[in-house]
Amino acid sequence: MAVPEQTREVTMDKITSLAKRRGFVFQSSEIYGGQSGAWDYGPLGIELKNRIQRFWWKEMTQLHDDIVGLDAAILMHPRTWEASGHVENFTDPLVDCKKCKMRFRADQIDQDKLAQKICPECGGELTETRKFNLMFKTNIGPVDDGSGLIYLRPETAQGIYVNYKNIVQSNRMKIPFGIAQVGKAFRNEIVTKNFIFRTCEFEQMEMQYFVKPGDDVKFFDYWREQRWAYYQKLGVDMKKLRWHQHGKDELAHYAKDAYDIEYEFPMGFKELEGVHNRTDFDLKRHQEYSGKDLQYIDQDNGNERYIPYIIETSAGLTRQLLMLLCDAYEEEKVADKGNDDDWRTVMKFHPELAPITVAVLPLMKKDGLAELAQEIRQGLKQDYATDYDQAGAIGRRYRRQDEAGTPYCVTIDYDSKENGTVTVRDRDTMEQERVHKDELSSYIRGKIKNYTRK
Ligand code: GAP
């Protein structure tokens, strides 16, 4: 059977609709009309998110001997954010329309209109541009008089910096070394659109690599290479990725040099991850604001003391999930059906990332096929995330699994009862092979190992 050739255009509306229909992502608090900037991850979404996180974690910690993990608290001492520069600098320029009341980021609208104070939506008058801090504030303790001011962290990085000395001492880390962390971050974004691309609550996967001053450029280049290779391993269409170097006006207050890896989403090329040379800015500032000595003592080099430079790789977990939804999505004309307009929607996730790896489907419920299918599923559970479906026509069940991105469907039929063989249907090619049930697990393991997207 030939691999289906034709594909239709991928749009964000199609992705959003499939994500809801199949339980990847739901709007937060939908029954109350929804909460903008926040999303909930359903049964398939959380499986996919967990797998991306595990993939990244393995890549950073297990495959790099010199990187250890951390899980720091979201709530940090408020001085952290003064030291980091976020209180002063973590702002977006904001304008409001006095007529239609729409709010815009001043740097994202037509600059001629902005100069003339003309609303890009209704032509009404715009306010002066003002700076708006993106950090969410809340209050710790019972008295709400401002004395308990605390922020929800806008990046996970600072939790690593304030723990760097603890980790050097407790784990005897020697420079160069890295600390990896995955966790929630919060930003009061003015414009949240494009589904889960830019949200107020999201997750980051960040790694901070501590190096000797002077070695920073070498390790910056090294980490750029490493991060590019990661997306290759993830099985993403590399033609949709590109580098973007920050110009002087784009660089964050802490960065000496920065590159984004951008992905071509349906709305165009957008940032996926940043690799930043943060110099010694962060540790110097924390040393200054905390009064603690944050110098590294190089015992192998005559106790030389210095504040390390930091190379940061900062990826959005939820943004990577959106990237994978877009990258995996295909609509194919299923030519072999003899029906010119028979299409299937299929999510071609790498099998290591797919929320369900194997679906077990009895051809019929009766004649002991369902029982045999359950027994076979039981045997696969230790090794794979499985699903079981006995409802409806087999073709329709395959299509449901295609939409969930399940790479392998195992069908139990009357021959299975006779000779113990089952059919394994490959999601991408739709080809079926007969395999003995006792060899099923190792057969699937081999397929996953040798997987290349078709
Ligand atoms: N510690 C550096 C830092 O936070 P960033 O470029 O502001 O750098 C890093 O963010 C990554 O976090 C981005 O490349 C993106 O993947 C993700 N990210 C940032 N803001 C986001 C938002 N509002 N919603 C979803 N993901 C976001």
Side-chain angles (χ1 to χ4, degrees), residues 25 28 35-39 41 49 52-53 56 70 72 74 76 80-81 83-86 89-92 105 108 132-136 151-162 178-209 220 223-224 227-228 230-231 234 236 241-246 250-263 265 267 269-279 281-283 285 310-326:
V25 184
S28 163
Q35 174 56 54
S36 71
W39 296 86
Y41 291 81
K49 188 148 70 72
I52 300 168
Q53 180 176 336
W56 182 89
L70 175 74
I74 288 172
M76 299 181 68
T80 309
W81 305 109
S84 70
H86 282 78
N89 296 314
F90 198 52
T91 55
D92 274 346
R105 261 182 65 172
Q108 288 181 351
F132 169 75
N133 195 295
L134 271 72
M135 280 197 294
F136 279 104
Y151 299 97
L152 299 185
R153 68 180 177 198
E155 62 172 12
T156 58
Q158 301 300 326
I160 294 181
Y161 305 146
V162 300
I179 304 175
Q181 178 169 222
V182 181
K184 291 249 178 183
F186 301 84
R187 295 182 188 179
N188 199 354
E189 300 281 2
I190 301 162
V191 183
T192 55
K193 59 178 182 187
N194 289 320
F195 191 30
I196 55 171
F197 179 80
R198 187 178 303 287
T199 53
C200 292
E201 178 177 344
F202 57 100
E203 279 171 79
Q204 289 187 314
M205 304 187 288
E206 297 199 302
M207 192 281 299
Q208 314 296 325
Y209 201 71
F220 184 64
W223 278 108
R224 281 187 53 209
R227 295 310 299 151
W228 189 260
Y230 164 88
Y231 290 100
L234 206 57
V236 179
L241 289 183
R242 72 176 187 194
W243 284 106
H244 164 73
Q245 184 177 17
H246 284 209
E250 285 173 280
L251 282 175
H253 59 273
Y254 50 73
K256 167 174 154 186
D257 198 1
Y259 279 80
D260 291 338
I261 297 178
E262 294 185 336
Y263 179 79
F265 288 94
M267 65 281 188
F269 274 100
K270 298 274 176 207
E271 177 184 344
L272 190 58
E273 155 160 8
V275 182
H276 311 133
N277 183 344
R278 296 184 70 129
T279 69
F281 174 86
D282 300 278
L283 291 183
R285 293 273 290 200
I310 292 169
I311 307 302
E312 169 182 67
T313 71
S314 177
L317 169 54
T318 41
R319 196 169 287 181
Q320 233 174 75
L321 187 143
L322 177 63
M323 187 260 301
L324 283 175
L325 288 178
C326 297

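Position 1 is the first residue of the sequence, and the numbers go up from there. For ligands, and for the atoms within them, numbers begin at 1 and follow the listed sequence.
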Checklist entry - Nearest protein heavy-atom contact for atom 26 (N) of ligand 1: which residue, which atom, what distance? => result Phe202 CD1, 3.5 Å

Checklist entry - Looking at atom 24 (N) of ligand 1, what's its closest protein heavy atom, distance included? => result Thr199 N, 3.0 Å

Next on the checklist: Side chain or backbone, does Glu189 bring an N or O within less than 3.5 Å of an N or O on ligand 1?
Outcome noted: yes

Next on the checklist: Quick test: of every protein heavy atom, which one is nearest to atom 10 (O) of ligand 1, and how far off is it to 0.1 Å?
Outcome noted: Gln204 NE2, 3.5 Å

Next on the checklist: Would you say that Tyr254 contacts Glu312 through its side chain, given a criterion of any heavy-atom pair below 4.5 Å between the two side chains?
Outcome noted: yes

Checklist entry - Nearest protein heavy-atom contact for atom 9 (C) of ligand 1: which residue, which atom, what distance? => result Ser314 OG, 2.9 Å

Checklist entry - What's the shortest heavy-atom distance between Trp56 and Ala180, and which atoms? => result CH2-CB, 3.8 Å

Next on the checklist: In terms of relative ring orientation, are His244 and His246 parallel, tilted or perpendicular, with 30° and 60° separating the classes?
Outcome noted: tilted

Next on the checklist: One residue to check: Arg278. Relative to ligand 1, which of side chain, backbone, both or neither has a non-hydrogen atom less than 4.0 Å away?
Outcome noted: side chain

Next on the checklist: Please report whether the ring centroid of Tyr263 lies less than 6.0 Å from that of Phe265.
Outcome noted: yes

Next on the checklist: Using 30° and 60° as the class boundaries, would you call the ring planes of Phe281 and His253 parallel, tilted or perpendicular?
Outcome noted: perpendicular

Next on the checklist: Using side-chain heavy atoms (C-beta onward) and a distance below 4.5 Å, is Leu234 in contact with Gln320?
Outcome noted: yes

Checklist entry - So which heavy atom in the protein is nearest atom 17 (C) of ligand 1, and how far is it from that ligand atom? => result Gly316 CA, 3.7 Å

Checklist outcome for this item: His276 heavy atoms within 4.0 Å reach ligand 1 at atoms 2 (C), 8 (O)

Next on the checklist: On a heavy-atom basis, I'd like to know which of Glu312, Lys270, Arg187, Met205 is closest to atom 5 (P) of ligand 1.
Outcome noted: Arg187

Checklist entry - Do Leu241 and Leu272 have side chains that get closer than 4.5 Å, going by heavy atoms? => result yes

Item to check | atom 14 (O) of ligand 1: the protein heavy-atom neighbour that sits closest, reported with distance to 0.1 Å | outcome: Glu271 OE2, 2.5 Å

Item to check | ligand 1 versus Glu273: contacting region, heavy-atom distance under 4.0 Å | outcome: backbone

Checklist entry - At under 4.0 Å between heavy atoms, which part of Tyr254 makes contact with ligand 1: side chain, backbone, both or neither? => result side chain

Checklist outcome for this item: Minimal heavy-atom distance between Glu201 and Phe186, with the atoms involved, is CG-CE2, 3.5 Å

Checklist outcome for this item: Closest non-hydrogen atoms of Glu273 and Ala315, given as atom of the first, atom of the second and distance, are OE1-CB, 3.5 Å

Checklist entry - Is there a nitrogen or oxygen of Leu272 sitting under 3.5 Å from a nitrogen or oxygen of ligand 1? => result yes

Item to check | Phe197 neighbourhood, listing ligand 1 atoms whose heavy-atom distance to it stays under 4.0 Å | outcome: 24 (N), 25 (C), 26 (N)

Item to check | Arg278/Glu155 salt bridge by N-O under 4.0 Å criterion | outcome: yes

Next on the checklist: Any nitrogen or oxygen of Ile196, side chain or backbone, less than 3.5 Å from one on ligand 1?
Outcome noted: no

Next on the checklist: Using a 4.0 Å cutoff against the non-hydrogen atoms of Glu155, which atoms of ligand 1 qualify?
Outcome noted: 1 (N), 2 (C), 3 (C), 4 (O)

Checklist entry - What atoms in ligand 1 come closer than 4.0 Å to a heavy atom of Glu206? => result 1 (N), 2 (C), 3 (C), 4 (O)

Checklist outcome for this item: Between Ile160 and Leu70 the two heavy atoms that sit nearest each other are CA-CD2, 3.7 Å

